[in-house]
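Okay, so here's the structure we're looking at.
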Amino acid sequence: MGVQAELSERLNLGALYEMWMVFRRNKAALTGLILFTAIVLMAVFAPYLAPYNPYESVGAPFQPPSDKHPLGTNDVGQDLLSELIYGARISLFIGFVAAVVGTFIGTFIGLSAGYFGGLVDEALMRFTDMWLSMPTLLFTIFLAAVITRIGTFPMLYGIILAIALTAWPSVARMVRSAVLSLKESLYVEAARAIGVPSRRILVKHILPNVAPIIIIEVITRMAIAMLTEASLSFLGLGDPTAKSWGMMIHYAMIRNAITLGMWWWFLPPGIMISLSVLAFMLMGLGLEEYFNPRLRYKEQ
Amino acid sequence: MPGNGFVVRAENLKVWYPVRRSFVELITRKPPLYVRAVDGITFEVKPGEVFCLAGESGCGKTTTGRALLKLIRGAVIGGSVYVKPSREVFEEVSRHAPEAVVDKDSRVIDVYRVPEKYMRPLRREFQIVFQDPFGSLNPRMRVVEILEEPLLTHNIGSTKEERLEIIYRALEAVKLIPPQEFATRYPHQLSGGQRQRVAIARALVMNPRFIVADEPVSMLDVSIRAEVLEVLDELKQKYGLAQLFITHDLALARHICDRIAIMYLGKIVEEASADELVFNPLHPYTKALMAAIPDPDPEARLKYREVPIKGEIPTAIRLPPGCRFRPRCVAYDNAAKEIKRLCETEDPGLVEVKPGHRVACWLYK
Amino acid sequence: MSLRNIIAFLVVALVVLPSLGYLAGVAHAQGGLKITAESYDRWLLKECPCEGGKLVIALPSEPNTFNWFVAGSTWSILVLNPLYDRLVRIVNGTLTWEVATSMEYSSDYKVLTIKIRDGIKWHDGKELTAEDVAFTINVLAKYGWTYYHGYFASVDRAEAVDKYTVKVYFKSPDAGFIYNGLASMNILPKHIWEPLLKEKGDGLAKYAPKIPDELVGSGPFKIVEYRPGQYVKYVANKDYWLKKPCVNELVIVFIRESNVALLAVQKGEVHAYYGWVTAEVVPQLLSTPGVSIHVYTSPTFYHWGFNNLKWPFNITEFRRAMAFAVNKEAIVNEILMGYGIPGSPGVVPPVGINAQWYNPNVQNAYYFDLNKTAEILDKLGFKDVDGDGWREAPDGSDFSFEIYPPAYDIIRVRAAQKIAEWLSQIPGGGIKAVVRVLDWKTVWPLIRDGKVDTYLLGSGPGNDISWLYRRFHSWPGGTGNWARFSDPEVDKLTEMLKTTFEPEKRKEIAWRIQEILAEKVPIVVLYYRKMINPYRSDTFDGWFKPADGGIYNRLTLLNVYMKPEVCPVKPKPTTVIVEKKATVVQTVVQTVVKPGTTVVQTVVKTLTTATPVQPAPATTPTTPVEKGPNYALIAAIIVIIVVVAAAALLMRRK
Amino acid sequence: MYRIVTSIITFFAVVTLVFFLSRLTGDPLAELANDPRITPEVLESIKRLFGLDKPVYVQYIDYLKNLFRGELGFSLHYMRPVMDVILERLPYTLALLVPSITISNLLAYRIGTELAWRRGSRLEVTTLTLSIFLRSVPYFWLAIVFLYIFSVKLEWTPLYGAMSPGMSPGLNWEFIRDYLWHYVLPFFVLVFRETIAFLFYVRSAMIDVLGEDYIVTARAKGLPDKVIKRSYVARNGILPIVTILGMRYAFLIDGAVLTETVFSYPGTGRLVFESIYNRDFWLLQGVVVILAASVIIVNFIIDLIYAVLDPRVKYG
């Protein structure tokens, strides 16, 4: 045990340190981390990086790339590069919130099913199976179509909700199986032998040990959520006021970018989506390999 | 209520695990099948005594240990487990679950009649140490947290300082010195022996009357077994702690235990004091086990080799009629016709052949 | 009821009503009204320069049903268009005789006598008679589920007097009947539909007619095949009574993405695209050899609607202030890229059949002037009291309202954002307007139920000016009055429109209504869109390009022919290699010029290249595909089997 | 048996969920009110005709009744039974899905095994990196880029549809050529994408198998690689792969929705898109139910296959 590790232990940085070690060992995961950091920085410092305000018309519409507008302008003369940079914010936001909400629902259901077992487990797992048996994107499309049509809240939230609602089943499955194996673990049995109440066992013994799985889930779910959002936007179910990367592609499509050969409009957002999904997938893969390579079975 | 001088007494204890039936079998009403992990055993552990359960793996000894503490889930449990807790615990339990009280005067409680939610006070005095020291400690908790948990659960010690005091004393008792240093460590920073001692300390902080030690050293390297065993022995000497020591190692059992019971396929086949059992085994199975003990004396080894065993331990789902050891029994092959007939039809009960030495074999009836 | 309303009511009662009564009396006294309409002949080609060939038209969406009684979508109507004839049709903004040859109202306007042409044959050889016409009218009048029932609700019954005369009896006079009802009514064959109706009753609404057996029409094309999601195929009805279509075959393909459709036109796979084309592609299209565009103005009025019952939009002055804050020219020029015309304050569109009722005097009632808005708002007490740059309500509380455009129409979303921007720039403090973009399915019920402050909606006018009744008659009398506008004079006038038959008088009433609407501003019409239809001008000619309609229309179907140099019929000596020669043709894009607007004349240079097209093998008369097994399914199964077998073999070898 | 019962329960739960969610979107005919032709009376009678005036639970019971008759309700947009509309499109989707799922799985299986075998080699690392990147690419976008390259720029493949307009299907060479010409790009995109996604499972399943003691033993015995690959790795590795086939199928349906939309292919996936566009929730509901049912059935079949392949699993 190195001094460094000793120190981190004392600072209670165990988990963080462990993760860092994983990333340092795994080249792919490190690439993912770097990419991720870059994209997050881009989102955070968008106002400083973007040459223009993406919500303002700053030039003639449909301009090809030029010195003034490195990626040209869109249908109302907004700068595409600025849109691309600001797009990181919306896309990451959608991905993050959807992933967190989805994982939260999944964790809750998985924990309950796994811990209480019996009839609760059976019922919840039937329910989960039902959702799992639906083609995910198809069902997300359906939910998004339904949700954005029943409330007067901004469409963006409807889409996030739709993505979250289809993201949870696999999380629930995974958490449940983790809980089931943890429940049989000796230290939980020891706690029961001591007479620790079940709620406390759940919170103190099971939850902290499911946490890594949840973290990985959030990361991979984010990737999937971003992809799903892009697909929904492409199909015309997105929020037309949210400048996400998916919406940029959608606009490019409805304003005939292919006909006009304006590849600078629909290629960059696709590449950005790919890069950020890649970042999350690499990070997820790295962490997963470390924590438990056999737990996962579903992805997209 | 036969006898009164016990801490824990199992009477005709049965643990049957149901085998999952398929849908068709459910419809056609096929009778349910069970794995009879423990199939009607009776024994008692006296105060201050170390009682050993020994046998091959899969014979049900671990299940017995857990069944005593009501830690088995998803199985059909029959028979009774009587315990004698301390006065205050007895009063607390009898207040909430009067139906569980068997004998008020001698404070005997039937564990299986206590509803789960009132088990907690009992758990305080009846504890367990698991076989696997690597799995039995939560890797995300420090030693101090692990040891504090039972205290918090049972409201022992009102302040943090008080609890720390108790924890340090328990750590010292299991020879983890200095306790202050060990207390801040995570399990993965401890060796196997140290972990097992933490596990013992966890049982110890509650000041129990009885612990089940479920093969506490079998997963440890031989070199560090001694220190754990030493701690356990000290507990018996110093605190008069009654123990149910589960092991597959007869040599170890003889060394540690006051009395030994040999289990085979969910039943006790022989029970006697340690020396009696080792030097005068009666049951063919015990003899076979003895043969497996490596002995430094080659002559002795040769002598025991004369009693071999055949086949392997069968599954506990479909048991043969009569004596369940019969298919593997060498003595059966050589036995007289009428005994053979008995072996084939009837199960031999545990019969006291000498004072304190009981055996379940038709040869001795 | 406010004093103003009472006065208005009295004015109506004292002045307008008696004069109306007088006019009605005059109409009575004159007795009967002969309907005048134009003849088709002036539009028709005398003879086809080339006969034969296949015309491919793309629509953005497929028809929802081939059952015309319940044809809800535009695309269904368009797809059935080549199949059926009408009594009269509106061509290029004028009423034109088709099957009918004359129509005459009785003196009380309760009977309409229609004479029809003889010698018209259904595709199956039977003759089209007055019975068919009467049957169609009766179904529409009787069954509430037919989509045109609203136009025929005033009809009591129709009778075939003789083989070529139909009499329509009305419950009450209905001035809009011919424009609304007859001009949009396809004549359906009685011998096909009557048995169906007897068999199914109301269930006919859910019936999908068999293709092509039950799709018998009398029009210039017969349907032979329908591939769901792909195309409808027609062959020319060579015996068509009006004129033989020049092309042999017509295929209508459905391409949702304008991207793809435009590329298909550019590649020459599709000869015309009748769909939503946004203006940015025009230069690209025009620079493609052989592609031209037809631009026309759609009469749909896109407007900024106010909820006239909700404060402060119930204050006429406030609405006027809003009207001054909208720069319609900017919306047309910037968002529509010039492809539109600014909305008329009188709502009635200056194009198409509605042009005859359009009142040009109101055009300049409002202009973009934020100072004027500021002035009115100041007067009304909307002032920036706390100096935060936003105006507060007269009682000093924060004031803001919402604009709801539907999410699917990006033009309206952008227009809403523009309006909000202008409102924020009002001198002396802006008005806070929040643009909320929701799905149409969500917005629509809100608009319908009056739950929103303001909204952006596109509404279609009717063929007959009496549509003003539906849009502006007091709530809840007019169900299309989503602005919940109510004005006693407009109520009276719009009611009169429904019963006044005299064209001059109707025009007068319509003009008056437009004046009132311009004054009261229940809604602000932002623009009428100009639509763009790309088409091939190198291979086909004879396109009919109406100012108010798309390139795909009945006259195009009759007239369009392959250019002689590519004509498949005229046998040409062996293979012709025509040099690629480019000719510059000047096309003047028609612009409707109205007083008060700047005259825009776009001169677009079209580069037409006579591309050598391989002469197709002599016209193969297309035989209707016999009904047989589903070939697509068979093909699918064969492909599956082959692939799986191949895969299995592949596996085996490894 | 147990599987059949749970499958049926799952199916009905899906139907119920989808039904009630669809009903949440409100009046499907509301938009007709803005049609200049439609008067309130007409709207009322149309509603009555479609049973929209009945309470939701009655509608639900009617729907279930129809389901037993093999009907999925009535599409308000197409004015036809939903089942008819779907059946018209299903052949196209099946023709796209079945071959692509077969081919891609076989490809992925071959390549995945090979990758697992050569774990750590440069070939493996390159292939993996490439496929991780390609897996991150949004599916529809990939399809658009393919369309842009092959159809727009190179003009090798057609822009849209399953056949040239007016090309009446028939068993002649001309039609088959035309059909395949339209088929190749969507098919290729599906196969390409699916192979890459599936590769990972195969690889990790195979790596697991390779780590098993019996493989190590077999190698230690000096058995030739070919024999080990064929009789040890392949056989044991196929089990975990079969289990996830059901999920891959569901995933492929998602892919079909996007692919068919991009290539204007007239299948059921495209119908999803169309029904969203037309706000035809009854049809959307039907498509979702049908596709979900197909996933359930496929999963059921896969379970059976699994039981056949794996002697350890027994289903009653």
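Small disclaimer: the values here were computed from a predicted structure and weren't measured. Within every chain, numbering begins at 1; the chains are lettered A, B, ... in the order of the sequence lines, protein sequences first and strands thereafter. The figures that follow rest on heavy atoms only: side chains count, while hydrogens, waters and symmetry mates do not.
Between D:Tyr183 and D:Tyr179, the ring-plane angle classifies as parallel under the 30° and 60° cut-offs. The aromatic rings of C:Tyr148 and C:Trp68 sit parallel to each other, their planes meeting at less than 30°, with 60° as the upper class boundary.
Heavy-atom pairs under 4.5 Å with chain C peak, among D:Ser45, D:Pro81, D:Pro165, at D:Pro165. Across C:Gly229, C:Gly150, C:Ser73, C:Pro228, the residue that shares the most heavy-atom pairs under 4.5 angstrom with chain D is C:Pro228. The candidate with the highest count of non-hydrogen atom pairs below 4.5 Å against chain D, out of C:Val270, C:Asn463, C:Val251, is C:Val251. Options D:Arg80, D:Arg89, D:Glu155 differ in how many heavy-atom pairs under 4.5 Å they form with chain C, and the most are formed by D:Arg89.
Side-chain atoms of D:Thr157 and D:Ser151 include a donor-acceptor pair closer than 3.5 Å. No side-chain donor-acceptor contact under 3.5 Å links C:Tyr179 and C:Ser466.
Taking the six-membered ring for Trp and the full ring otherwise, C:Trp482 and C:Trp444 have centroids separated by under 6.0 Å. Here C:Tyr143 and C:Phe69 keep their ring centres 6.0 angstrom or further from each other. No close placement of the C:Trp75 and C:Phe66 rings is indicated, their centers lying 6.0 Å or farther apart.
For D:Arg270, the part lying near chain C is the side chain, with the backbone staying farther off; criterion is any non-hydrogen pair under 4.5 Å. Heavy atoms closer than 4.5 Å to chain D are found nowhere in C:Ser184, neither backbone nor side chain. For C:Leu457, the part lying near chain D is the side chain, with the backbone staying farther off; criterion is any non-hydrogen pair under 4.5 Å. For C:Tyr408, the part lying under 4.5 angstrom from a heavy atom of chain D is the side chain only. Of the atoms belonging to D:Tyr78, heavy atoms from both backbone and side chain fall under 4.5 Å from chain C. D:Val152 touches chain C through its side chain: at least one heavy atom from C-beta onward sits under 4.5 Å away, while N, CA, C and O do not. If you measure heavy-atom distances from C:Ala71 to chain D, the contacts under 4.5 Å come from the backbone alone. The parts of C:Val70 that come within reach of chain D are both its backbone and its side chain, each placing non-hydrogen atoms under 4.5 angstrom from that chain. Interface remark: D:Ser75 contributes no atoms to any contact with chain C (heavy atom separation under 4.5 Å). Residue contact with chain D, scored on non-hydrogen atoms closer than 4.5 Å, is absent for C:Trp467. With a 4.5 Å cut-off on non-hydrogen atoms, D:Tyr265 does not touch chain C at all.
When each of C:Val79, C:Ile252, C:Ile211 is tested with C:Tyr226 by the rule side chain to side chain contact (heavy atoms under 4.5 Å, CB included), just one qualifies, namely C:Ile211.
Other residues, nucleotides and ligands place more than 12 heavy atoms under 6.0 Å from the NZ atom of C:Lys267.
For C:Arg227 and D:Glu88, the salt-bridge test fails: no basic side-chain N is under 4.0 Å from an acidic carboxylate O.
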